[in-house]
Amino acid sequence: MLGHIGINVPDLEMAKAYYGELMPLLGFEPSLTADDEFSFMPSGGKRGTFVFIYPAREAAAYSRHSPGLQHLAFMVPTRSAVHAVHAKAVELGSDVIHAPQPFQQYPPPYYATFWIDPFGFMLEAVCHYDRD
């Protein structure tokens, strides 16, 4: 299991606003807030990976198709949660790559949505259950 993952962003305040709205729907709560970073941890004292977000120190174009981070997938407990995350991503102005749907090419049950955050990172909410 990963202890934590760190992401650099070009605009920390924009990231705080965006991820502050999104992460609770993905099962995370705020963990650390400082002038030069913030983080989220699994909600309710659950074990899991923390997500840290830092300001980028170098300007560079990001592409999920270049070497480096391709995407982050967040597991949610129900298909309804996939739909709620999708609705929030749309509300926040994210570009949706795939609306909520089953993905037959992955081991079933695999129900997910994919979208792009304001910085070009592809994110995914996936449910591995046939339940709402």
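Quick note: residue numbers are just sequence positions, from 1. Just so you know, these numbers come straight off a predicted model, no measurement behind them.
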Carefully, step by step, assess Val90 and Val96 under the rule side chain to side chain contact (heavy atoms under 4.5 Å, CB included). CA-CA 7 Å; Val90 169; Val96 174; 3.7 Å; yes
Tell me which donor-acceptor pairs under 3.5 Å the side chains of residues 27-36 have, and how far apart each pair is, sequence neighbours excluded?
from, atom 1, to, atom 2, distance (Å)
Glu29, OE1, Gly44, N, 3.2

Would you say Tyr106 and His128 are linked by a side-chain donor-acceptor pair, where the criterion is simply a distance under 3.5 Å?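 There is no such pair (donor and acceptor under 3.5 Å, judged by atom type) between the side chains of His128 and Tyr106.
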Could you pull out all residues at least two apart from Asp11 that satisfy side-chain hydrogen bond (donor to acceptor under 3.5 Å, both in side chains)?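 By the side-chain hydrogen bond (donor to acceptor under 3.5 Å, both in side chains) rule, Asp11 matches no residue at all.
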Tell me, do [X] and [Y] make a side-chain contact under 4.5 Å, heavy atoms counted?
X: Tyr110; Y: Pro102; result: no
X: Met14; Y: Phe119; result: yes
X: Leu2; Y: Phe50; result: no
X: Leu22; Y: Asp117; result: no
X: Val85; Y: Leu26; result: yes

Ring-ring centroid check His98 Phe103, cutoff 6.0 Å: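 Between Phe103 and His98, which both carry aromatic rings, the centre distance is below 6.0 Å.
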Can you confirm whether or not the ring centre of His4 sits under 6.0 Å from the ring centre of Phe40?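 No: the rings miss the under 6.0 Å criterion.
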Is it true that [X] and [Y] fall in one hydrophobic cluster, defined by side-chain heavy atoms closer than 4.5 Å?
X: Val76; Y: Leu72; value: yes
X: Ile5; Y: Met75; value: no
X: Ile7; Y: Leu25; value: yes

From [X] atom [atom1] to [Y] atom [atom2], the distance as rounded to the nearest 0.5 Å:
X: Asp130; Y: Thr78; atom1: CG; atom2: OG1; value: 12.0 Å
X: Arg47; Y: Met1; atom1: CZ; atom2: CE; value: 5.5 Å
X: Asn8; Y: Phe121; atom1: CG; atom2: CZ; value: 7.5 Å

Which atom pairs, one a donor and one an acceptor, fall under 3.5 Å between side chains of residues 55-67 and the rest of the protein, sequence neighbours left out?
from, atom 1, to, atom 2, distance (Å)
Tyr62, OH, Leu69, O, 2.5
Ser63, OG, His65, N, 3.1

Quick one: closest heavy-atom pair of [X] and [Y], and the distance?
X: Glu124; Y: Ala112; value: OE2-CB, 3.6 Å
X: Phe52; Y: Glu37; value: CD2-OE1, 3.5 Å
X: Ala125; Y: Trp115; value: N-CZ3, 3.5 Å
X: Ile53; Y: Leu12; value: O-CD1, 3.8 Å

Listed partners of Ala84 passing side-chain contact (heavy atoms from CB on, under 4.5 Å), at least two apart: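 Applying side-chain contact (heavy atoms from CB on, under 4.5 Å) to Ala84 gives none.
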Salt bridge (Lys or Arg N to Asp or Glu O under 4.0 Å): pairs with one or both residues in residues 84-108, sequence neighbours excluded: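 Qualifying pairs: Glu21-Lys88, Lys88-Glu91.
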Going by the rule salt bridge (Lys or Arg N to Asp or Glu O under 4.0 Å), which residues pair with Asp132 if we only count those two or more places apart in sequence or in a different chain?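 Counting only residues at least two positions away or on another chain, Asp132 forms no salt bridge (Lys or Arg N to Asp or Glu O under 4.0 Å).
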Under the side chain to side chain contact (heavy atoms under 4.5 Å, CB included) criterion, do Val82 and Cys127 qualify, and how do the steps go? CA-CA 7 Å; Val82 171; Cys127 176; 3.8 Å; yes
Worked verdict on Tyr18 versus Leu92 for side chain to side chain contact (heavy atoms under 4.5 Å, CB included): CA-CA 7 Å; Tyr18 184 84; Leu92 293 170; 3.7 Å; yes
What do the steps show when you test Met23 against Phe74 for side chain to side chain contact (heavy atoms under 4.5 Å, CB included), and what is the final call? CA-CA 10 Å; Met23 294 300 276; Phe74 295 91; 3.9 Å; yes
When you measure from the side chain of Arg131 to the backbone of Pro77, do you find a donor-acceptor pair of N or O atoms at a distance under 3.5 Å?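 Side chain of Arg131 to backbone of Pro77, a donor-acceptor pair under 3.5 Å: yes, one is there.
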Between Phe114 and His71, what is the ring plane arrangement, given parallel below 30°, perpendicular above 60°, and tilted in between?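 It falls in the tilted class, 30° to 60°.
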